[in-house]
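Below: one structure, written as structure tokens.
Start at 1 and go down the list; that is how both ligands and their atoms are numbered.
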Amino acid sequence: MSGEAKLKVATVSLAGCFGCHMSLLDMDERLIDLLEHVEFERSPLTDIKRVGRCDIGLIEGGVCNAENVQVLREFRRCCHTLVALGACAVNGGLPAQRNHLDVGQCLQAVYLSRQGLAGGRVPDDPELPLPLDKVHPVHEVVRIDYFLPGCPPSGELIFTFLSDLIRGRSPRLGHPALRYD
Ligand code: SF4
């Protein structure tokens, strides 16, 4: 494919731990193969803050606050193909474990009544994104084209998946790849 225009790929972590991004880097030297065919747009690898027109958007993490909703909608507008990368994006994952708790009570427990705290207050700076009542998987907010489960999906799986997309093939996830850990 050398000489062909490179596909633009953007990535973001919403309510995630960056473990899925680490898995992307885990493909080791195959990352160099990948970079022959793609260039990264907005992503933690480039530190570009706003997403522009892209071929593929990889979304790590669930949707836990108003800023996540805004960023996710921006990715949907800008990316031709949008991918939920990892368990948190696919089904809310670890961050969604707070969904059975009241968000107000969570904030009070963390900032006011935690052992060892004195004179704490719940942060209310208007710059801080407003937490949502629940953490949502990304498909509850925007249309998602592909789901890559796993916590995290392996570097090999991400490489195979992206290679299929680059070559214009519909990625097929075999049974072992569909892990919901
Ligand atoms: Fe981290 Fe796992 Fe969530 Fe990926 S799926 S962001 S590795 S907790």
Side-chain angles (χ1 to χ4, degrees), residues 8-31 34-35 38 40-51 54-76 78-79 81-101 103 106-107 109-110 128-166 171-181:
K8 285 194 171 181
V9 177
T11 78
V12 71
S13 181
L14 304 178
C17 73
F18 282 93
C20 290
H21 276 80
M22 293 309 291
S23 207
L24 181 64
L25 298 178
D26 241 6
M27 60 179 76
D28 299 328
E29 70 276 5
R30 284 176 298 185
L31 198 53
L34 198 63
L35 287 173
V38 307
F40 282 96
E41 224 263 354
R42 172 180 171 161
S43 113
L45 305 175
T46 57
D47 207 26
I48 297 171
K49 303 295 185 206
R50 297 294 301 265
V51 63
C54 270
D55 298 290
I56 302 168
L58 302 174
I59 311 290
E60 171 191 295
V63 184
C64 80
N65 62 38
E67 184 187 44
N68 290 165
V69 173
Q70 187 190 358
V71 170
L72 183 54
R73 287 183 175 153
E74 196 175 24
F75 264 69
R76 181 66 278 179
C78 292
C79 300
T81 299
L82 206 56
V83 182
L85 179 67
C88 297
V90 171
N91 58 28
L94 282 175
Q97 291 194 7
R98 77 154 160 90
N99 284 358
H100 65 287
L101 302 169
V103 70
C106 278
L107 290 170
V110 169
L128 293 173
L130 198 64
L132 303 180
D133 280 352
K134 306 283 181 208
V135 176
H136 296 268
V138 292
H139 72 270
E140 289 185 1
V141 180
V142 298
R143 178 175 55 80
I144 297 294
D145 300 294
Y146 293 101
F147 297 83
L148 273 188
C151 179
S154 69
E156 188 173 338
L157 177 64
I158 299 172
F159 178 76
T160 306
F161 176 83
L162 288 176
S163 298
D164 279 344
L165 279 187
I166 289 165
R172 289 185 187 276
L173 297 178
H175 184 261
L178 296 174
R179 314 165 16 226
Y180 290 91
D181 47 358

Shortest protein contact, [atom] (heavy atom only):
atom: atom 4 (Fe) of ligand 1; result: Cys20 SG, 2.4 Å
atom: atom 2 (Fe) of ligand 1; result: Cys151 SG, 2.4 Å
atom: atom 5 (S) of ligand 1; result: Ala87 N, 3.3 Å
atom: atom 6 (S) of ligand 1; result: Cys17 N, 3.3 Å

| request: Of all the heavy-atom pairs spanning Cys88 and Leu94, show the shortest one and how long it is. | output: SG-N, 3.8 Å
| query | Of all the atoms in ligand 1, which lie at a distance below 4.0 Å from a heavy atom belonging to Glu60? | reply | 6 (S)
| query | With no hydrogens and no angle check, is any side-chain donor or acceptor of Asp55 less than 3.5 Å from a backbone partner on Lys8? | reply | yes
| query | Any chance CD of Gln70 has more than 12 other-residue heavy atoms, nucleotides or ligands included, within less than 6.0 Å? | reply | no
| query | Can an N, O or S atom be found in Cys88 less than 2.8 Å away from atom 3 (Fe) of ligand 1? | reply | yes
| said: If the test is side-chain contact (heavy atoms from CB on, under 4.5 Å), which one of Leu14, Leu132, Val142 qualifies with Val69? | reply: Leu132
| Any side-chain donor paired with an acceptor under 3.5 Å for His21 and Thr11? | yes
